[in-house]
Protein chains: 2
Amino acid sequence: MIRTADKHAKIIEAAIRVFSRKGFFHARIADIAKEAQVADGTIYLYFNNKYDILISLFEEEIGKIILEVKLLLESEAGDDPRRMLRVFALHHLQLMDDRRELAEVLQMELRQSNKFMREYRLTKFSEYLDIISGIVKQGQGQGIFRPEVLPGVFKRAFFGALDETARLWVLSPDHPYSIEETANQITDVFIEGIIAADQT
Amino acid sequence: MIRTADKHAKIIEAAIRVFSRKGFFHARIADIAKEAQVADGTIYLYFNNKYDILISLFEEEIGKIILEVKLLLESEAGDDPRRMLRVFALHHLQLMDDRRELAEVLQMELRQSNKFMREYRLTKFSEYLDIISGIVKQGQGQGIFRPEVLPGVFKRAFFGALDETARLWVLSPDHPYSIEETANQITDVFIEGIIAADQT
DNA sequence: CAATAATGGGTGAGCCATCATTCACATTGT
DNA sequence: ACAATGTGAATGATGGCTCACCCATTATTG
C-alpha cells in the first residue's frame, strides 16, 4: 500500500468533525467510520470503544496545543509575565476561532467526560491550566504580581473567563468585537487586577 | 385524594438528583420515575419528552436564582457596583456549594443543551448574565468603573471565572480555600481590573 | 339519597427503533 | 503463502415512549 494514510489520525480527525456536528452521544460509530472513509470495524482496531476515541482526542489535541503555547510563550513573551498572559489569552481565543470544530468538542464534551469516566483523569487539561498558574508564580517571584493572589484560583478564573468568551463564538460565530480586541480586554482586566501597586 | 403533592415539582426535583448522578444521556426515564415515586407514563402527563424535563428544570431553577440574587443585591449592596459584584460572586459560589446536585446539572448539561436544541434559547440564562453587565453599566455611569471596558465581554469573563471555579468543587468537593476567600479573591482581581484609576 | 355514569389523573408492560460491538470473511503487502 | 490489516452484515441490549387499562372522585339520574 502506498503510505497507508495513518488511520488513527484519520479517525480522530473524523471524530472531531462528527462530535462537533452531533455531540458525543448522538454521534454514531457508523458516522465516524463514514467520515473517515473506513469500515465500522476498523475503528475497533485502533480504539477500544467509543469513549476511548473521545479521550484520545482530548489528550492528543490538548497535547499539541500545550506544545504550541509553550513555544509561543518562549518566542514572544520574553520574561514578562504580563505579556505571557496576553500571549496565552490571544492564542487560546485564536485557536478556538480557527478550529471551530475542535473548539466545539472541547467546549461541549470536555466537562462531561470527567463525570462518567471518573477513573480517568484529564491529565493534559490540568497541564494546560498549570501553564497559567506557572506564569502567576513567576510574576509574583519577580515582584510584578501581587503576592496574595492565589495562583490556583487565578488560573481557573483566567481560563474560565477565556473559555466562556470562546463559547459565545462557538454558539454564534459572528463576533461583534475582534479576537485581538476581546483578548486584550480580558487580559487588561486581569493584569490590572493582579499587578502590584508599584508596577504601573 | 389526599393533597396530590405537586407532581410537576416532584418530577423536577427527582430529575435534578438523577441527572446529577448519571448525566442527562445516561439517565433513564424509569430512573426519574422511580426517584419521583410515580409511574413512567406519569412523566409524560407533565412533560413532552426527556429534553423537555431538562429545559423546564433549567428555566425554573435559574428563574428562582435570578429572583434571589436581585433581592440580595437590593438589600445588601446599596448602590455600590463594587459591592454588587462581590455579592453576586459570593451568592453564585455559595449556591453552587449549597446545592451540589443542581450545580452539577447546570455545569454539565447547560452548555450542551444550546447545541442540540438550537431552536430553543435559554432565555433565563441570558437574563442571569445580564445582571452582571447591568452592574458594569451602572458602575460606568457613576464614574466608578473604567468606561472602555465592554460590559458584554466583562459579563462573560466574570461569569466564566466564577463558574470554572465552581466546577472544581463539583468535581472534587473538598475545597482548599473557603467560599468567602475564593469569592473575594476573584472579585478583588476583577474590581481592581475594572475600577477607574482615580477611585481607589 | 342510593345507584350509576362520566371524568381524568395515574399506571407500567411491551413495542420498536436505535446503535455499539463482534466476527467470519476478504484483501493486501511481503 | 501467510500475516496483517480491513470489512460490514448480523447480533443483542437498551430505553424512550405509547396506550389499553385502572380507580378515585365528582356529576347525574330516578
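A quick note: this is a predicted structure, and the numbers were derived from the prediction, not measured. Letters A, B, ... are given to chains in the order of the sequence lines, protein chains preceding strands, and every chain is numbered from 1.
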State the CZ-CD distance between B:R17 and B:E35, to the nearest 0.5 angstrom. 4.0 Å
Got a sec: does the CD of B:Q94 have more than 12 other heavy atoms crowding it under 6.0 Å? yes
Return the value, rounded to whole Å, for the distance between atom CG of B:D40 and atom P of D:dT18. 13 Å
Is the CD atom of B:Q37 crowded by more than 12 outside heavy atoms at less than 6.0 Å? no
Measure from the side chain of A:Y46, starting at C-beta and using heavy atoms only, and say which of C:dA20, D:dG6, D:dG16 lies closest. D:dG6
Is any side-chain nitrogen or oxygen of B:K7 closer than 4.0 Å to OP1 or OP2 of C:dG10? yes
Ring of B:F58, cation from B:K124 - is the NZ or CZ under 6.0 Å from the centre and inside 45° of the axis? no
When you get a sec, tell me which of C:dT21, C:dG10, D:dC17 is the closest nucleotide to the side chain of B:N49? D:dC17
For B:Y51 and D:dG15, give me the distance from atom OH to atom P, rounded to whole Å. 15 Å
Without decimals, in angstroms, what is the distance between A:R28 CZ and D:dG8 C1'? 16 Å
Give the rounded distance in Å between these two atoms: CG of A:N48 and P of C:dT22. 10 Å
Output the rounded distance in Å from NZ (B:K34) to C1' (C:dT11). 16 Å
When rounded to whole Å, the CG to P distance for the pair B:D31 and D:dG16 reads 8 Å
Would you kindly give the NZ-to-C1' distance between A:K50 and C:dT18, to the nearest whole Å? 11 Å
The nucleotide from C:dT22, C:dG10, D:dT7 with an atom nearest the side chain of A:Y44 is C:dT22
Roughly, in whole Å, what's the span from CD in B:Q37 to P in C:dT11? 10 Å
So if I take every side-chain heavy atom of A:I29 and compare against C:dT21, D:dG8, D:dG16, which nucleotide ends up nearest? C:dT21
